[in-house]
Amino acid sequence: MSSITAPSPVVEPDGPLIPEPRSRRRTELIMLVFAFALVAFAFANVGYSLTGKLPSSLGEYLGAFVVITVLGHLAIRRLAPWADPLLLPLAAMLNGLGIVMVYRLAAQGSLLTAPLSSSATGIQIVYTAIGVGCFIAVLAVVREPRVLQRYTYTLGALGLLLLALPALLPASISEVYGAKIQVRVGTFTLQPEEFAKLALAISFAGYLVAKRDVLALAGRRVLGIDLPRARDLGPILVIWTASLLLLVFESDVGTSAVFMGLFVAMLYIATSRTSWLLLGFIMFVAGAYAASKLFSHVGERFQIWLHPFTGQNPSHNAYQLVQGLYGMGSGGLLGKGLGGGQPYITPLVQSDLVFTAFGEELGLAGVMAILLIYGLIVQRGLRTAMLVKDPFSKLLAGGLSFMLALQVFVIVGGVTRLIPLTGITTPFLSQGGSSLVASWILIALLIRISDAARRPPPRPIQDEGLTQVVSLQ
């Protein structure tokens, strides 16, 4: 016969009760309501600035955005109840502000160098729905993040193929303003590099987990720094060569920098060797400088960066950069208000230089708040990397967080002349689908890892309060 006592409460090793997942989801829902209110206020601000009244389509656009985001929230409640409660609201806030800016620019779309139709806002909401759909699909399919380690080399090959695809295609379907970064089929365009970065992040994590002990071995010591052994330089040389090929054949400085920076950062996380950071930085800078001297289209990027106001540059090659700088300068500390500026003067302001539009209309205070939101997403991702125990998941979370931070740094640094201007998009804010969908997939991976990190471990049977009496008769 047997007797069963009531189960004991879930207790951490230190003693306090583990918080119930419903409290995390309640926090998430409250933060989502705040994000919805902010987006609604931004829509209203645009309407009053441009027409003196609320936008007639406010209810339609805002309602669709709320429904789409709440579906993502419900999916987390069901599929990842222990996940970080801030990642979804932060991503939704950025996505909502991006939709507002597309709406604002589409209202004066005929004035843009690449005109936006009146349906651009609706299309951006459709892209949001696709992104959140992929977000839910990742949570449903990837129940344990370490399962992705099985596909290390498959995803690596796929990522490299996606990166190289625009360079292999004719310029008529892959080139945009001198950079081969997309695949165009009729009116539909796709930027494969956005998905390549995710595949390569997973591949790098799987490879470095397997090889980190070898790559962490020290070689000769120079100036107090333990350099890696010469025989271990193969992987970083391969990645360095691939990044320079991207720079030369696709004229894509941004993706080249993110690709190299992602590998070096994950290599540092895996080995804790500062020498890898220094070596990777020196190699990329030296390679980019050599490419600028050997290839005219790469050198032109550096000339625009160093001398945007010299000679004919302000009205020719550097026109885009100069107009973006003027726009942000005119915004001042608090900006001109959403709908009060003239961001449409800057070429491609809806995609590559959307950050300058926010700088002009929200001012320095507004763009600092946006950067703070990105910083919070990166901080939550790095915190997840510290909490999770699985080495692969730890490295993947750190790599994805750094990739987002590096992408924001590259585009913001480019439009502010800190580094050469690149053609990459601003995550969640830029108009278009590829970047938005890839960004939602990145958030889904971080949420899946954070759920695994915070999920309480299985309780030993002795802690369950179960007793059993066995009769030997």
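Throughout, numbering of the chain's residues begins at 1 and tracks the sequence.
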Across all chains, not counting sequence neighbours, the side-chain hydrogen bond (donor to acceptor under 3.5 Å, both in side chains) partners of Thr255 are Glu193, Asp252

Side chain to side chain contact (heavy atoms under 4.5 Å, CB included) filter on Ala106, not counting sequence neighbours, yields Leu116, Ala120, Thr121

task = Taking the side chain as every heavy atom from C-beta outward, state whether Val264 and Leu277 have any atom pair closer than 4.5 Å.
result = yes

Test log, rule side chain to side chain contact (heavy atoms under 4.5 Å, CB included), inputs Gln108 and Leu50:
CA-CA 9 Å; Gln108 298 176 322; Leu50 295 178; 4.0 Å; yes

Side chain to side chain donor-acceptor pair (under 3.5 Å) pairs touching residues 359-378, sequence neighbours excluded, are Arg104-Glu361

For Pro85, the side chain to side chain contact (heavy atoms under 4.5 Å, CB included) test, sequence neighbours excluded, returns Arg24, Arg25, Thr27, Glu28

Residues at least two apart in sequence or cross-chain that pass side chain to side chain contact (heavy atoms under 4.5 Å, CB included) with Ala444, listed by chain then number, are Phe135, Val138

Across all chains, not counting sequence neighbours, the side chain to side chain contact (heavy atoms under 4.5 Å, CB included) partners of Ser401 are Val378, Leu382, Leu446

Sequence neighbours excluded, the answer for side-chain hydrogen bond (donor to acceptor under 3.5 Å, both in side chains) partners of Tyr344 is Gln342

The complete set of side chain to side chain donor-acceptor pair (under 3.5 Å) pairs with one or both residues in residues 309-318, sequence neighbours excluded, reads none

Sorted by chain and residue number, the side-chain hydrogen bond (donor to acceptor under 3.5 Å, both in side chains) partners of Thr51 (sequence neighbours excluded) come out as none

Arg380 meets the salt bridge (Lys or Arg N to Asp or Glu O under 4.0 Å) criterion, sequence neighbours left out, with Asp84

Sorted by chain and residue number, the side-chain hydrogen bond (donor to acceptor under 3.5 Å, both in side chains) partners of Ser256 (sequence neighbours excluded) come out as none

Side-chain polar contacts of residues 89-96 - donor-acceptor pairs under 3.5 angstrom, sequence neighbours left out - could you list them?
from	atom 1	to	atom 2	distance (Å)
Asn95	OD1	Trp440	NE1	2.9
Asn95	ND2	Thr128	OG1	3.3

